[in-house]
Amino acid sequence: MIAAPDRTPLPREFFDRPVLEVAPDLLGRTLVRSTPEGPIHLRLTEVEAYDGMKDPGSHAYRGRTRRNAVMFGPPGYAYVYFTYGMWHCMNLVCGPDGIASAVLLRAGEITEGAELTRSRRRSARNDKELAKGPARLATALDIDRALDGTDVCAGLPSPLSILTGVPISDEQVRNGPRTGVSGEGGVHPWRFWIANDPTVSPYRAHKPRRRST
DNA sequence: GGGAGGATTTGCT
DNA sequence: GCAAATCCTCCCG
């Protein structure tokens, strides 16, 4: 018999572990974004781990700044940053207070409230593309820096929380190099996704940008 | 489906 | 100044 999904939010202890344990364990869980129009549910299908100050791919590599301060705090909080002049990306802070590790939420499947996301994702040609990529995910769920530092373990109602759900089996987890990470930080196979899931974003190696003419 | 080029602004060196 | 944990449109095949 199949157990019903557990709708309690993941407790803080879930995030208070090494980030390389937490990242694959997040796959298949449901991120709940509560909005005035109603809840949006996102089943996580792809994530990336950023492992502390030693990780050259991490925003924490060059130390604490105002931008990345949440990464250095306690686990179970959202770190939301702005990049490329246009986009937001969301992470979940892991490990104990003082260790700047986090998991980037890269893609997922909208399982409830898709109609609330389509007006923000006009370029999506089908529902699989609504949250296929970290900035698309944040756009679909109306996530911006106002949510930086949000406690995702506070319990409902909260702007953001993660339902315990039903974890997926290890056999369904794949891993490989991180996407779009420059330099030596890109070599770590710390991107995790669900095998054969159509909402996983395509792999793209980092490409330095040329100056405009 | 994949590559090139542009968009657009913040944060840090 | 310039790079940035990206995405979109256009074009090609």
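All chains are named by letter (A, B, ...) in the order of the sequence lines, taking the proteins before the strands, and each is independently numbered beginning at 1.
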Q) With a 4.0 Å cut-off, would you call A/R67 and A/D148 a salt bridge? A) no
Q. Does DNA chain C take part in any stems of at least 3 consecutive Watson-Crick or G-U pairs (both distances under 3.5 Å), and if so, which ones?
A. B:1-7 with C:6-12, B:9-12 with C:1-4
Q | Length of the line joining A/R121:CZ and C/dC8:P, which is rounded to integer Å | A | 5 Å
Q. Could you state the CZ-P distance from A/R66 to B/dT13, rounded to the nearest angstrom?
A. 14 Å
Q) Using the P atom in both, what is the distance from B/dG5 to C/dA5, to the nearest Å? A) 22 Å
(Q) Between A/S123 and C/dC8, is there a contact of a side-chain N or O with OP1 or OP2 at under 4.0 Å? (A) yes
Q. CZ of A/R191 versus P of C/dT6: gap in Å, rounded?
A. 11 Å
(Q) I'd like to know if A/W193 and A/V22 are part of one continuous hydrophobic network [Ile/Leu/Val/Met/Phe/Trp/Tyr, side-chain heavy atoms within less than 4.5 Å]. (A) no
Q. What integer distance in Å separates A/D144:CG from B/dT10:P?
A. 13 Å
Q | Close side-chain approach of A/L147 to A/H88, heavy-atom, < 4.5 Å | A | no
Q | A/P96 side chain reached by A/D16 side chain, heavy atoms, under 4.5 Å | A | yes
Q. C/dT6 C1' sits how many Å from A/Y81 OH, rounded?
A. 8 Å
**Q.** Under-4.0 Å side-chain N/O to phosphate OP1/OP2 contact, A/R145 with B/dG11
**A.** yes
(Q) Mind checking if A/R178 touches a base, just sugar-phosphate, or nothing, with heavy atoms under 4.0 Å? (A) nothing
Q: Apply salt bridge (Lys or Arg N to Asp or Glu O under 4.0 Å) to the pair A/E48 and A/R106, showing each step before the final yes or no.
A: CA-CA 7 Å; A/E48 271 176 7; A/R106 284 200 57 88; 3.7 Å; yes
Q | Test item: A/C89 and A/L104 side chains (from C-beta on) under 4.5 Å apart, heavy atoms | A | yes
Q: Would you indicate which nucleotide in B/dG11, C/dA5, C/dT6 comes nearest to any side-chain atom of A/W87?
A: C/dT6
Q.
Closest approach to the side chain of A/R62, judged atom by atom: which nucleotide of C/dT6, B/dG11, B/dT13 is it?
A. B/dT13
Q) If you check the A/A135 side chain, which of B/dT8, C/dA5, C/dC7 turns out closest? A) C/dC7
Q: Could you check whether A/G57 gets within reach of a base, just the sugar-phosphate, or nothing at all, counting any heavy atom under 4.0 Å?
A: base
**Q.** Side-chain N or O of A/S182 closer than 4.0 Å to phosphate OP1/OP2 of C/dA3
**A.** no
Q.
What is the separation between atom CG on A/N68 and atom P on B/dT13, rounded to the nearest whole Å?
A. 10 Å
(Q) Whole angstroms only, please: what is the CZ-C1' distance between A/R204 and C/dC7? (A) 7 Å
Q: Figure out the NE2/P separation between A/H59 and B/dT13, and round it to whole Å.
A: 12 Å
Q | Any A/V152 side-chain heavy atom under 4.5 Å of A/F14 side chain | A | no
Q) On a whole-Å scale, what distance lies between the C1' atoms belonging to C/dA4 and B/dG6? A) 15 Å
Q) Checking side chain to side chain contact (heavy atoms under 4.5 Å, CB included) against A/I143, which of A/T150, A/L105, A/L160 comes through? A) A/L160
Q.
If you go through the side-chain atoms of A/Y84, does one of them form a donor-acceptor pair with the base of B/dA7 closer than 3.5 Å?
A. no
Q: Measure from the side chain of A/T65, starting at C-beta and using heavy atoms only, and say which of C/dT6, B/dG11, B/dA4 lies closest.
A: B/dG11
